[in-house]
Trainee: 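Would you mind keeping the following structure in view while I ask a few things?
Only heavy atoms go into these numbers, but all of them, side chains included; no hydrogens, no water, no symmetry mates.
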Amino acid sequence: MRRSILITSITAAATALTVGVIAATAGNGSPSGSADMHASHSMTASTLTKSDLRNTLNRLLGEHAVLAMNATNLGVTGSKSFPAAAKALDRNSVDLSKAIGSIYGAKAAKTFLDGPFQWRAHVGFFVDYTVALAKKDMAGQNKAVANLTTYTVRHGDFLAGATGLPKLAVRNDLLGHVLELKGQLDAYAGGNYAKAADQYRKAYAHMFMTGDLLAGAIAKQQNLK
């Protein structure tokens, strides 16, 4: 009975996340908020430096990892706070798209955020995996993992095309991120909290490597000092 209640709760929360994403993209695609404004301002200032870019990307990507792991941990246990955590995660996704858009334009920002198998999609695939994990649905888990794997290729190619980085390097970096978040959730759901905590720290730290990778390439491309 308890597991049935948890599954019902997480399924409802996943539905709420989907509705929230649709609502966010129905208008201008950008929920308002001071964090959004800060991200946009940081990346569009005429005095943007390589350090500014690196700090902004590292902050937003590190925040993504934390919010994603918090949300999936809450989701797999059926917590009532999952929808709020998912909403915060989506606001971070919008902030990241604005950062990309400030460099490459509105079309690139839209593709980054809402393109097939792009950023928002991979968050949804993690929700799918969380739901399937809570249900002990192996077919659902495998499908979510397959979608996440496709994401690492499609989104990796998008970022590589924009920044000039080698496709394989970006794909592998994204794959590492996916595997770390999956490993953290698996450990947490299995009650191995020591391993989950260790994976949490590693996944967070990895985002700074990703930020440095992207910032370095963009700074070189844009001649930032």
Side-chain angles (χ1 to χ4, degrees), residues 34-45 47-73 85 88-104 108-109 112-113 118-123 125-126 148-149 151-153 155-188 194-225:
S34 59
D36 298 341
M37 294 175 63
H38 174 75
S40 178
H41 174 75
S42 296
M43 297 292 287
T44 57
T47 57
L48 179 67
T49 67
K50 181 177 179 180
S51 179
D52 293 333
L53 177 65
R54 184 178 64 249
N55 290 340
T56 297
L57 290 178
N58 283 347
R59 177 179 64 81
L60 291 173
L61 289 168
E63 183 179 85
H64 162 72
V66 168
L67 292 173
M69 289 184 287
N70 288 353
T72 53
N73 288 350
L89 176 58
D90 192 64
R91 287 199 299 270
N92 169 264
S93 296
V94 173
D95 284 351
L96 276 164
S97 74
K98 288 183 176 181
I100 294 297
S102 69
I103 300 294
Y104 297 111
F112 172 91
L113 185 63
Q118 300 296 322
W119 192 265
R120 232 178 205 156
H122 102 284
V123 174
F125 298 147
F126 268 116
L148 284 164
T149 301
Y151 153 78
T152 66
V153 175
H155 194 60
D157 288 355
F158 166 77
L159 290 176
T163 63
L165 285 164
K167 288 184 178 180
L168 187 59
V170 186
R171 290 178 181 180
N172 286 341
D173 185 81
L174 293 176
L175 180 60
H177 167 64
V178 165
L179 292 176
E180 286 165 349
L181 263 61
K182 177 183 178 298
Q184 193 279 332
L185 179 59
D186 288 341
Y188 187 87
K195 182 178 180 180
D198 183 60
Q199 284 290 99
Y200 193 106
R201 295 182 69 237
K202 289 178 179 177
Y204 174 71
H206 184 169
M207 289 291 88
F208 289 80
M209 296 168 58
T210 302
D212 287 350
L213 177 71
L214 295 174
I218 295 170
K220 181 177 179 180
Q221 182 187 66
Q222 303 294 321
N223 296 315
L224 302 180
K225 303 300 182 183

Trainee: Mind telling me whether Trp119 and His155 have parallel, tilted or perpendicular rings, with 30° and 60° as the class edges?
Mentor: tilted

Trainee: For the backbone of Ala162 and the side chain of Tyr104, can you confirm whether one donor and one acceptor N or O come within less than 3.5 Å of each other?
Mentor: yes

Trainee: In terms of side-chain heavy atoms, does Asp52 have a donor or acceptor partner in Thr49 at a distance below 3.5 Å?
Mentor: yes

Trainee: With side chain to side chain contact (heavy atoms under 4.5 Å, CB included) as the criterion, how do His206 and Thr210 come out once you've worked through the C-alpha distance, each side chain's angles and the decisive distance to 0.1 Å?
Mentor: CA-CA 6 Å; His206 184 169; Thr210 302; 3.5 Å; yes

Trainee: Would you mind reporting whether Asn58 and Met207 have side-chain heavy atoms less than 4.5 Å apart?
Mentor: no

Trainee: Please check: side-chain N/O of Thr152 versus main-chain N/O of Thr149, any donor-acceptor pairing under 3.5 Å?
Mentor: yes

Trainee: Taking all heavy atoms of Ala99 and all of Leu60, pick out the closest pair and write down the distance.
Mentor: CB-CD1, 4.1 Å

Trainee: How close do Thr163 and Leu214 get, heavy atom to heavy atom, and via which atoms?
Mentor: CG2-CD2, 4.4 Å

Trainee: Is the distance between the ring centroids of His122 and His64 less than 6.0 Å?
Mentor: yes

Trainee: For side chain to side chain contact (heavy atoms under 4.5 Å, CB included), just list the numbers for Leu113 and Gln118, CA-CA rounded to whole Å, side-chain angles, deciding distance to a tenth of an Å, and then say yes or no.
Mentor: CA-CA 6 Å; Leu113 185 63; Gln118 300 296 322; over 6 Å; no

Trainee: What is the minimum heavy-atom distance between Ser97 and Ala109, and which atoms define it?
Mentor: O-CB, 3.2 Å

Trainee: Going by heavy atoms in the side chains, are Val170 and Phe158 under 4.5 Å from each other?
Mentor: no

Trainee: Closest approach of Leu224 and Lys50, non-hydrogen atoms and distance?
Mentor: CB-N, 3.9 Å

Trainee: What distance do Phe112 atom CZ and Arg120 atom CZ have between them, rounded to the nearest 0.5 Å?
Mentor: 10.5 Å

Trainee: Would you call Thr56 and Leu48 a side-chain contact if the rule is heavy atoms closer than 4.5 Å?
Mentor: no

Trainee: To the nearest 0.5 angstrom, please state how far the CG atom of Leu175 sits from the CD atom of Glu180.
Mentor: 9.5 Å

Trainee: Can you check side chain to side chain contact (heavy atoms under 4.5 Å, CB included) on Asp90 and Val123, steps first, answer last?
Mentor: CA-CA 8 Å; Asp90 192 64; Val123 174; over 6 Å; no

Trainee: Give, for atom NZ of Lys182 and atom CD of Gln199, the distance between the pair rounded to the nearest 0.5 Å.
Mentor: 10.5 Å

Trainee: List the steps and the verdict of salt bridge (charged side-chain N to carboxylate O under 4.0 Å, His left out) for Asp198 and Lys202.
Mentor: CA-CA 6 Å; Asp198 183 60; Lys202 289 178 179 177; 3.2 Å; yes

Trainee: If you round to the nearest 0.5 Å, how far is CG of Asp157 from CG of Leu168?
Mentor: 10.0 Å

Trainee: State, yes or no, whether a side-chain contact exists between Leu181 and His177 at a heavy-atom distance under 4.5 Å.
Mentor: yes

Trainee: Hey, what's the ring geometry for Tyr204 with Phe208, parallel, tilted or perpendicular (30° and 60° as the breaks)?
Mentor: perpendicular

Trainee: Give a yes or no on whether the backbone of Arg54 and the side-chain of Asp212 come within a donor-acceptor separation of less than 3.5 Å.
Mentor: no

Trainee: For side chain to side chain contact (heavy atoms under 4.5 Å, CB included), just list the numbers for Leu67 and Arg91, CA-CA rounded to whole Å, side-chain angles, deciding distance to a tenth of an Å, and then say yes or no.
Mentor: CA-CA 10 Å; Leu67 292 173; Arg91 287 199 299 270; over 6 Å; no

Trainee: On a heavy-atom basis, which atom in Leu165 and which in Ala160 lie closest, and how many Å separate them?
Mentor: O-CB, 3.2 Å

